[in-house]
Amino acid sequence: MLRTSCLPVLGLAAVTLAATAGPLRGQTSVASPDGRNQVTVEVREGRLTYGLSRDGRVLILPSLLGFEFRGAPPLREGLRVTDTTRQSHDEWWTQPWGEVARVRDHHNELAVSVEETAAPNRRFTVRVRAFDDGVGFRYEFPEQPGLGAFEITEELTEFSLADNARAWWIPSDRPRMDRSEMLYSSGPVSVPSRVQTPLTMQTRDGRTYLVIHEANLVDYARMNLRTQRLEDRTLHADLAPYADGIKVRGRTPFVTPWRTVQVADRATDLAPSVLGLNLNPPNVLAGTDWIRPMKYVGIWWGMHIGAQTWSSGPRHGATTANAKRYIDFAAANGFGGVLVEGWNVGWDGDWIANRSAFSFTRAYPDYDLAEVAAYARQRNVRLIVHNETSGGIENYERQLDSAFALYRSLGLDAIKTGYVTDTTGEGHSHWSQHMVRHYRRVIEAAARHGIMVDVHEPIHDTGERRTYPNMMTREGSRGQEYNAWSGDGGNPPEHETILFFTRLLAGPMDFTPGIFDILRERGTGGPRRPDEARVRTTLAKQLALYVVLYSPLQMAADLPENYEGQPAFQFIRDVAVDWDTTRVIEGAIGDYVVVARRERGGQTWFVGAITDEESRTLDVPLSFLTPGRRYPLPVAITRRAVTSATRLRLVLAPGGGQAIRIRPAG
Ligand code: NOJ
Ligand code: CA
C-alpha cells in the first residue's frame, strides 16, 4: 500500500535531484572517452531505466531494467538510488591470437546502486561501461537478507529503439530447433517477433549502426530478443528456459552477463568487434604456447555429400588408411591439422536419437586411434578429434575427463564438438542456463587437459576466448555444409556478405570454406539433380572467404582430390590464419565487403572481396600498405607491383570474389 502510493512522489523527487550532484540523485549519465556515446541511468516513478544517445541524438529511449522471480515479488518498481560510483580505465592488452593482435580497453564506468523502498528492500547495482565503440551494462546482486537463492522467470531488460531501424535477423522461435543455422532476413525491427543476437541494425536515417548482443555468458541463460506486440520497437530480453520454464537459477552474490550495444557510423566500422572481448575477464591460462591457429583438412565433406559415411560399413570414412592419406596431404601442403569424423562408436543407426550411444574413447575397428595419432605426430600434423554428442549431455560429461585424458596421452590437443539436437535429453532449451554451464564445463575441462575447442551447434559467442583462449572457434550459423544437402539449393550468394556484419561480430566462425567442386559433380556417385544444393559462389569467392570470415581454425573443406591440379589451391596454402591488423575497406550489409588483413608476425597482407548475386567493379585504395614500399602482386597468375598509392580495380562476378596476397618486394 505504502509503496504504491509513494511512487509518483518518488519519481518527482528523482527528477529534482537530478539537477544536483551527489549519490542520491535519480538521473545520472556516463559518456564514452570520445564523448559521443552517452548512457543515462534514471529512476522514473520508482522504475529503473537506462537510455543511450550518440552525439546527443537518442538511439535507445529510457528502457526498463528489472526482474521477475518465482516465489518472490518482481524487482522492478519502488526503487531508489542509494549510491553511484565512477571509474575510468585505459589499457592495451595482447590477444594470443585473433583478428587483431592488440586491443584497447578504454572506457568510462558508472555503477548505480538501487534499493527497494519497501520490504523486502532488495538491492542491486547496474554497472555501465561506455566505450567509443559501444556500451555494456550488467546487473550485480550483492549478498543480502532479502535475496538469497532465486529463480528468475523473466529478465525485464528492454531496448526501446528510438526508431524503427532496419535489422538483419534470424529468428529464435522456430519450434524446437534452438539453433542458428538459418538464412538472414532484413526489414524493420518491429516486424519479427523473436530474434537472435548479435542483432545488427541501421537507423532509418542511415547515420548509425547498432548491434545488440551480450558478453561473458557464464552461468545464466542465453539472451534472445522479442517484441511484445506487432509494430513494437521495444525489444525485450528473452532468456532461454529450463524444461520447467525457469530462466535462471542462482544465489547472491551474483552478476549477470553484460548486455551490449555496439555503435558505429558505418557498417565497415563494426568489425573487428572487440567490445565483448573487453567485457570478459582476462586470460586465466598459465601458458598459451600450445594454442595455435591453423588450417586443417578433414574426413568430413565426403559424408556431407553422401560419398562416405560416419557409421561403419563399406563407405566408412574414418579408416586408418584414409586418415593417413589426409595426414600426408596436410603435411605436404603445410596444413596444421586433420579432422576425423565418424571415428568413434555410436554412429550406427539413428545417431541423433541414440544420443547416449556415443563413446568418446572407443574407435571403430577399422580406425586405430593410437596408430593414426602417432602417424600424425611424426609428420607434425595435429589431429582434431570429433566429439558429436547429439545433445546427450550427461553421456558426454560422464566421459569428458577420461576422453580428454586419453587424447592427451596420445598427444592430441584439439577437438571439434557437435550438438545436433532439438533440445537436450531432459527437455531444457539448447540455450538454457543448463547448457551454458555445460559448454563452459567442456571449455574448462579442455583447458585443464591442454585441448583446443571448436564447437558446432554452440551457444552464441560472448567473448569466452578472452578468458579461455583454447576456445578457438565455433559454428553457430548456417555454414558451408548447407551447400551439400540443404533442401533449398544451398546458401544464396548474399549469405556471407550478411554473416560478416552479423554473426561474425560475435566471434570467429568455423564456416569451412574452400569447396572447389562448386557444382558437386565429383565424388557423389552420380550427377547432382538441378534442385539439389550446390555452392553458389565462384571459386575465387571461396578463396576470399579465408580472409573475410575469420576463424583461427580454418578448414580447407573439400576432398583432397578436388584440390589436385588447381592453381587456385596455392592461395589456401599461402593464406594466414592469425592476424596482426584487420581493415574493413568497403562494404554494405548483404551486398559486398572488402577486407584486408596483415598476418601476425609478418608483412604480408591478404585481401578478400566478396559480392552477392550482383557483379561489381570496385576501386580499392591500398593505402593500408606501408608507404614507400613496393609489393609485387600476382593478379590472375600474373604479378603486379603495387604501393600504398595504388588503387586496385577488383572485378567481381555475380556470386564472386577476389583473393589477393600482397608481399613486400625483396
Ligand atoms: C553438424 C556439424 O556442423 C558438422 O560439421 C558435422 O559434420 C555434423 N554435425 C556431424 O557431427
Ligand atoms: Ca552444424
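Keep in mind it's a predicted model, so treat the numbers as computed, not measured. Ligands are counted one by one from 1 in listed order, and the atoms in each one are counted from 1 as well.
Ligand 1 has no atom lying under 4.0 Å from any heavy atom of Y419.
Within 6.0 Å of the CD atom in E394, the count of heavy atoms belonging to other residues, nucleotides or ligands does not exceed 12. In D350, the CG atom is crowded: over 12 heavy atoms of neighbouring residues, nucleotides or ligands sit closer than 6.0 Å. The neighbour count for R536 CZ, taken as heavy atoms of other residues, nucleotides or ligands under 6.0 Å away, is above 12.
Ring-centre distance between H386 and F360: not below the 6.0 Å cut-off. Outside the 6.0 Å centre-distance limit, the rings of Y546 and F606 are not counted as a close aromatic pair. The aromatic ring centres of Y184 and F500 sit 6.0 Å or more apart.
E564 is not listed as a side-chain neighbour of F569, based on a closest heavy-atom distance of 4.5 Å or more. Two residues are said to be in side-chain contact when any heavy atoms from C-beta on lie closer than 4.5 Å; L183 and R478 meet this criterion.
The nearest protein atom to atom 11 (O) of ligand 1, hydrogens excluded, is given as E388 OE1, 2.6 Å; this is a heavy-atom distance. Among protein heavy atoms, atom 4 (C) of ligand 1 sits closest to E481 OE1, 3.2 Å. Of the protein's heavy atoms, H456 ND1, 2.6 Å lies nearest to atom 3 (O) of ligand 1. The protein heavy atom nearest to atom 1 (C) of ligand 1 is E457 OE2, 3.1 Å. The protein non-hydrogen atom at the shortest distance from atom 7 (O) of ligand 1 is E341 OE1, 2.6 Å. The protein heavy-atom contact nearest to atom 5 (O) of ligand 1 is K416 NZ, 2.6 Å. Annotation: atom 9 (N) of ligand 1 to nearest protein heavy atom, V420 CG2, 3.3 Å.
Heavy-atom proximity to W347, at under 4.0 Å, picks out these atoms of ligand 1: 10 (C), 11 (O). For ligand 1, the atoms closer than 4.0 angstrom to any heavy atom of H386 are 11 (O). Interface of E475 with ligand 1, defined as ligand atoms under 4.0 Å from a residue heavy atom, comprises 3 (O).
When all heavy atoms of P493 and G655 are compared, the pair lying nearest together is CB-CA, 3.9 Å.
E181 and Y482 share a side-chain donor-acceptor pair at under 3.5 Å. For E475 and S477, the side-chain atoms include no donor-acceptor pair closer than 3.5 Å.
Considering backbone and side-chain atoms alike, W300 places an N or O below 3.5 Å from some N or O of ligand 1.
Among protein atoms, those of element N, O or S found less than 3.0 Å away from the Ca ion (ligand 2) are E181 OE2, E457 OE2, E475 OE1, E475 OE2, E481 OE2.
The residue from Y419, W347, W343 that alone fulfils the ring-ring contact (aromatic ring centres under 6.0 Å, His included) condition with F358 is W347.
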